[in-house]
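Written below as structure tokens is the structure these notes are about.
Below, each value reflects all heavy atoms present in this structure, side chains not excepted, and no hydrogens, waters or symmetry copies. No experiment lies behind these values; they were computed from the predicted model shown. Atoms within each ligand, like the ligands themselves, are counted from 1 in listed order.
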Amino acid sequence: MRTQVVIIGGGPSGLLLSQLLHVHGIDSVVLERKTKDYVLGRIRAGVLEQGFVQLMEEAGVAGRLHAEGHCHDGTLVSYGEEIFRIDFAALTGKPVVVYGQTEVTRDLYAAREAADGEVVFNVDDVSIHDADTNAPHVTYSVDGQSQRIDADFVAGCDGFHGVSRKTIPLDVRTEYEKIYPFGWLGILSETPPVNDELIYATSERGFALCSMRNENLSRYYIQCSMSDNPHDWTDEAFWDELRRRIPREFVEKLVTGPSIEKSIAPLRSFVTEPMRWGRLFLCGDAAHIVPPTGAKGLNTAASDVHYLLHGLRDFYENDSEAGIDGYSERALDRVWRAQRFSWWFSSLMHRYPEQSEFDLKIQQTEFNFLRNNQSAQKAMAENYVGLPY
Ligand code: APR
Ligand code: PHB
């Protein structure tokens with residue numbers, strides 16, 4: 001088999017890239033290790049930057065997002081009983097859109113199917129060959145049969161545990177990593193959200209986030225120890241702990257109910273450089289991970305897709321390699337800015353096991369500075385709504 005771009009991974013990065021390439025007349029085949037239901041069963045963040053929304057529009061898949069997504073013009077930030085609002089609309093002129101990643105992925109799968117796009121599920125043993133030549137190919141097996149696809153390019157959109165990053169030789173690759181000494185225990189519950197905007201809350205007991213999917217589906221998180229087991233957290237214990245971490249006015253408004261999902265996610269900052277090796281390009285979680293504070297994961301994947309799409313269009317439409325040659329540098333420049341923001345916001349909002357009295361004073365001062373300083377709020381808002389591509 002032959003195609004122009006083999007895309008490894010059918011998560012949001014791979015699907016968005018595939019659909020955008022299709023819109024611009026470039027063929028691709030997506031190879032996904034799991035089933036579609038498995039991919040759609042993953043629960044991830046749900047805050048979209050304008051840049052992401054525009055890519056979905058360009059891909060022709062923004063209909064449901066516009067109908068069902070909610071524009072948020074600001075967010076609340078609290079420290080104990082101190083609370084203030086960051087007004088994205090006033091500070092940047094832009095909102096964010098709350099629409100779950102699962103729904104984004106569902107819309108992209110529907111579009112790929114409607115266009116007869118090729119997505120091969122349940123692939124095993126994916127292996128990338130000759131990526132450092134102009135004629136790469138990918139081998140894999142499906143239903144016990146070995147297969148081969150020849151292509152012009154390979155897009156590694158296979159997440160943090162995929163094969164693409166590991167295909168880049170160690171002497172070419174540099175990895176930067178920070179592991180945070182805590183996780184997020186998250187629950188989904190069929191209850192109305194406690195507020196119509198998100199609340200990023202911190203307290204003596206640690207971080208909490210009140211988020212949502214729709215009018216009757218709430219997503220809440222609390223900072224927890226990575227040694228905790230989600231099964232040991234009863235729903236009651238979760239709600240009690242959440243109540244201790246959010247301002248009193250919201251404790252009174254909080255509607256609780258049974259959780260329909262409960263899991264713990266680690267917090268990690270990770271970047272691999274470069275994001276290109278010959279004809280192999282990394283996109284999304286394959287190349288970088290951010291802690292979820294600020295919801296930059298999916299949005300940063302989208303900016304990679306944007307830069308790669310432009311590089312590939314440049315190649316096919318203008319016979320120029322300038323776009324693909326500049327891909328890694330351009331993508332990494334924005335990736336590191338998202339890393340900085342996610343690290344900063346995580347540092348501001350969490351309790352650290354080794355935090356000294358000095359560290360706590362600095363954290364409080366940082367919070368007060370953000371609360372009282374318009375310029376600090378503007379910088380936060382610009383990062384939260386998304387830096388330009
Ligand atoms: N072969 C084929 N597919 C693979 C392989 C492999 N060897 N390894 C992993 N995959 C698939 C996974 O099953 C998954 O569906 O690649 C996909 C990668 O998807 P994600 O991990 O979701 O990564 P990405 O598409 O880059 O999405 C960006 O934004 O909110 C963040 O972390 C969140 O998923 C999110 C991300
Ligand atoms: C979520 O709704 O899951 C969510 C929202 C904002 C974040 C992280 C997660 O910063």
Using the six-membered ring of [Y], assess whether NZ or CZ of [X] lies under 6.0 Å from its centre and within 45 degrees of the ring axis.
X    : Y    : value
R279 : F153 : yes
K296 : Y384 : yes
R165 : F160 : yes

Quiz item: Touching ligand 1 at all, A45? Heavy atoms, strictly under 4.0 Å?
Solution: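 Under 4.0 Å: no for A45.
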How far is [atom] from the closest protein heavy atom, and which atom is that?
atom                    : value
atom 8 (C) of ligand 2  : P292 O, 3.3 Å
atom 35 (C) of ligand 1 : R44 NH1, 3.1 Å
atom 15 (O) of ligand 1 : E32 OE1, 2.7 Å

Quiz prompt | Closest approach of C283 to Y327 (non-hydrogen atoms, all atoms of both residues) | solution = SG-OH, 3.5 Å
Verify whether one side chain among [X] and [Y] offers a donor that lies under 3.5 Å from an acceptor in the other.
X    : Y    : value
D107 : Y99  : yes
E58  : H306 : no
H350 : Q355 : no

Quiz item: What do you reckon, does L298 have a nitrogen or oxygen under 3.5 Å from a nitrogen or oxygen of ligand 1?
Solution: yes
Quiz item: Are any of the N/O atoms in P12 less than 3.5 Å from those in ligand 1?
Solution: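 Yes.
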Practice problem: Enumerate the atoms of ligand 1 whose separation from the nearest heavy atom of L31 is less than 4.0 angstrom. | Solution: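 Matching atoms, with element in brackets: 2 (C), 3 (N).
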Exercise. Run the numbers for me: atoms of ligand 1, each under 4.0 Å from some heavy atom of K34, listed by number.
Key: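 Answer, ordered by atom number: 13 (O).
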What do you reckon, does [X] have a nitrogen or oxygen under 3.5 Å from a nitrogen or oxygen of ligand 2?
X    : value
Y200 : yes
V47  : no
S211 : yes
M212 : no
A295 : yes

Exercise. I would like to know whether I7 and V5 meet side chain to side chain contact (heavy atoms under 4.5 Å, CB included); could you show each step before the answer?
Key: CA-CA 6 Å; I7 299 175; V5 185; 4.0 Å; yes
Practice problem: Examine ligand 2 and decide if any of its atoms is less than 4.0 Å from a heavy atom belonging to W184. | Solution: yes
Quiz item: At a non-hydrogen distance cut-off of under 4.0 Å, which region of R33 contacts ligand 1 (side chain, backbone, both, or neither)?
Solution: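 Answer for R33: both.
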Quiz item: Do V47 and V290 belong to the same hydrophobic cluster, where Ile, Leu, Val, Met, Phe, Trp and Tyr are linked whenever their side-chain heavy atoms lie under 4.5 Å apart, directly or via other members?
Solution: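 Each belongs to a different hydrophobic cluster.
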